[in-house]
Amino acid sequence: AGILPAIYRYFTALHNARVAAGLVKEGGEDDNEEGGTGSSGPKPSDAHRELRTIYRDLSSDDAPMVRRSTARHLAAFVEACAALPRTAYELSTSPVGPNTANPPPISPAVRKIVLDELIPLYQTLGTDEQDSVRLLAVSASGSVGYALGVDPELTSELVFPVVRGGCQDLSWRVRNNLSREFATVASSLGFASAPQYEAQQVETFRLFSSLLQDNEAEVRSVAVDSVARMAQLGGPDLFQAHITPALPLLADDPVMEVRSKLAHAVMDCCDEATGAILTDRVVLSDFKPLLENFLNDEFAEVQLRVLTKLSRVSHLFARMDTVVGSILAMAKATNWRVRDAVSRLLPHLAEARGIGFFEDHLLELWMKLLQDQVAEVRFGCISGMPKLLSVAGPEWVQKEILPRYLALYEGGSSYMTRITVLRSFSELVHDGGANGHALLEDVLNLILGGLEDRVANVRMVAAQGLAKIVAEGGRDAGSDALWDAKVQPALSARVAEDDDDDCKFFAQIALDACA
């Protein structure tokens with residue numbers, strides 16, 4: 001059963017090739033083509049029929065293990081028979097959107113095959129006496145829906161009853177497998193794009209809500225993975241009516257994996273890049289209490305699921321006092337990954353709360369994280385410099401940040417501290433942020449000092465920083481006198497006199513960029 005889908009696709013490709021060669025008409029059978037089977041082997045149409053017959057016989061085999069293998073490959077076989085361009089999952093997450101406004105076209109001949117031959121197999125396997133067969137068959141519901149052209153008139157009668165039975169199955173393994181594919185299945189039913197099937201769409205969300213509240217933690221865990229996609233499919237109204245009531249209990253679930261996945265799903269619901277359509281009102285009313293709960297979870301994994309993506313709702317920080325307080329408290333967490341996530345959020349807090357808030361409450365915290373013992377935490381502050389510059393402006397950075405960084409550079413006992421400061425300086429020119437301002441000249445003078453450091457690694461980072469400034473347009477935006485009188489002579493001296501080959505190499509790169 002496992003190789004039949006691949007063989008079926010082979011003969012489909014062979015038929016398409018014959019159509020392209022003009023040996024058979026588009027969509028027609030090639031029974032009467034010249035040359036018969038001959039040396040070219042069996043005709044695709046004959047082979048297709050025989051393969052479907054073999055698959056049908058295997059699906060009704062007396063041995064449960066054979067039926068199980070048939071059910072395992074049912075989705076692939078249906079997709080092959082329907083000549084779907086992609087898998088059901090890929091179709092449900094395609095750029096055209098999960099509402100299946102543009103389902104793949106299904107020819108009448110193929111639809112007849114699906115209705116007459118494949119649907120009976122699907123329904124038989126989906127109600128098999130063995131739960132090990134049912135659990136595999138119901139997970140193919142998405143493929144069957146797309147093979148029917150996402151036609152709600154057909155799916156409501158032929159697919160939806162099997163889906164309903166799978167959600168209510170006494171075997172938790174069946175419910176678990178269906179939960180894993182539920183968003184794909186719901187997309188393939190086509191109810192979202194047909195207003196006359198609103199009742200079926202509502203029932204679909206009720207079934208999903210029941211899976212979110214299942215007695216088995218494994219079922220709840222995999223069902224939570226589909227929350228964001230179901231939000232896109234149903235919109236704010238269905239989300240708030242059927243999914244939101246289940247979220248508080250899931251946020252307090254005794255199983256850490258469920259809470260962790262829910263935290264990830266909640267943040268995905270706020271991701272504009274994936275087409276999330278939930279409004280700020282929904283985020284503030286329904287998600288804010290969940291975020292507060294997750295940030296105070298005893299496990300760092302749950303906290304990180306939120307922290308690493310919290311910038312997606314940074315525009316709402318002004319109305320999330322408890323969340324902001326939790327973020328500040330977590331800057332002292334023993335887990336370095338938590339501190340790293342906090343360091344990357346501080347510029348977003350400055351944007352949401354204002355630079356005055358940053359100066360009063362976050363600046364000293366920022367300086368401490370900049371000196372963290374873990375390099376990744378320090379890199380978080382370094383990568384946040386462009387954002388901080390865009391929020392605060394060059395004058396504020398020149399007045400408040402540079403003096404503190406310079407004092408840290410001159411007073412630090414470790415060369416790693418000096419490297420961190422130099423990298424922070426070079427990030428200030430990202431996308432030309434400091435170009436055309438006196439801040440650029442100050443940054444250049446400070447980095448030039450790094451070329452004279454006693455530690456080779458510091459000199460190398462300084463040379464890399466100068467090369468980056470040139471690449472970001474700093475050479476054109478700065479003073480020619482400064483570049484000609486200071487920068488190029490200093491780089492030339494490093495190339496000629498430095499006893500470290502790496503320093504010479506990067507100094508030469510920077511010098512070539514200046515030319």
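Only a predicted model underlies this, so the values are computations on that prediction, with no experimental measurement involved. Quick note: numbers below take in every heavy atom, side chains included, and nothing from hydrogens, waters or symmetry partners.
Defined by atom type and a distance below 3.5 Å, a donor-acceptor pair is missing between the side-chain atoms of Ser143 and Tyr122.
No more than 12 heavy atoms of other residues, nucleotides or ligands sit less than 6.0 Å from atom CD of Glu153. A 6.0 Å sphere centred on CD of Glu216 holds more than 12 heavy atoms belonging to other residues, nucleotides or ligands. Heavy atoms of other residues, nucleotides or ligands lying less than 6.0 angstrom from CD of Gln373 number 12 at most.
For Glu364, the salt bridge (charged side-chain N to carboxylate O under 4.0 Å, His left out) partners are Arg404, not counting sequence neighbours. Residues passing the side chain to side chain donor-acceptor pair (under 3.5 Å) test with Ser285: none are found, sequence neighbours excluded.
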Practice prompt. Using the side-chain hydrogen bond (donor to acceptor under 3.5 Å, both in side chains) rule, take Gln240 and Asp286 through it: C-alpha gap first, then chi angles, then the decisive distance, then the call.
Written response: CA-CA 8 Å; Gln240 286 193 292; Asp286 299 333; 2.8 Å; yes
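A salt bridge links Lys468 to Glu427: at least one charged side-chain nitrogen sits closer than 4.0 Å to a carboxylate oxygen. Looking at Arg111 and Asp116, no side-chain N of the basic residue comes within less than 4.0 Å of a carboxylate O on the acidic one, giving no salt bridge. We find that Glu257 and Lys261 are joined by a salt bridge, their nearest charged nitrogen and carboxylate oxygen being less than 4.0 Å apart. Salt bridge Arg180/Asp225: absent, no basic N to carboxylate O contact under 4.0 Å. We find that Asp372 and Lys368 are not joined by a salt bridge, their nearest charged nitrogen and carboxylate oxygen being 4.0 Å or further apart. Ionic pairing of Glu203 and Arg164 is present here: one or more N-O contacts between side-chain nitrogen and carboxylate oxygen are shorter than 4.0 angstrom. Asp214 has a carboxylate O that lies under 4.0 Å from a charged side-chain N of Arg175, or vice versa, which qualifies the two as a salt bridge.
Separation of the Phe239 and Phe205 ring centroids does not fall under the 6.0 Å cut-off. Ring-centre distance between Phe357 and His361: below the 6.0 Å cut-off.
Between Asp268 and the options Arg312, Arg229, Gln232, a side chain to side chain donor-acceptor pair (under 3.5 Å) holds for only Arg312.
Applying the side-chain hydrogen bond (donor to acceptor under 3.5 Å, both in side chains) rule to pairs touching residues 287-296 yields Asp252-Asn293, sequence neighbours excluded.
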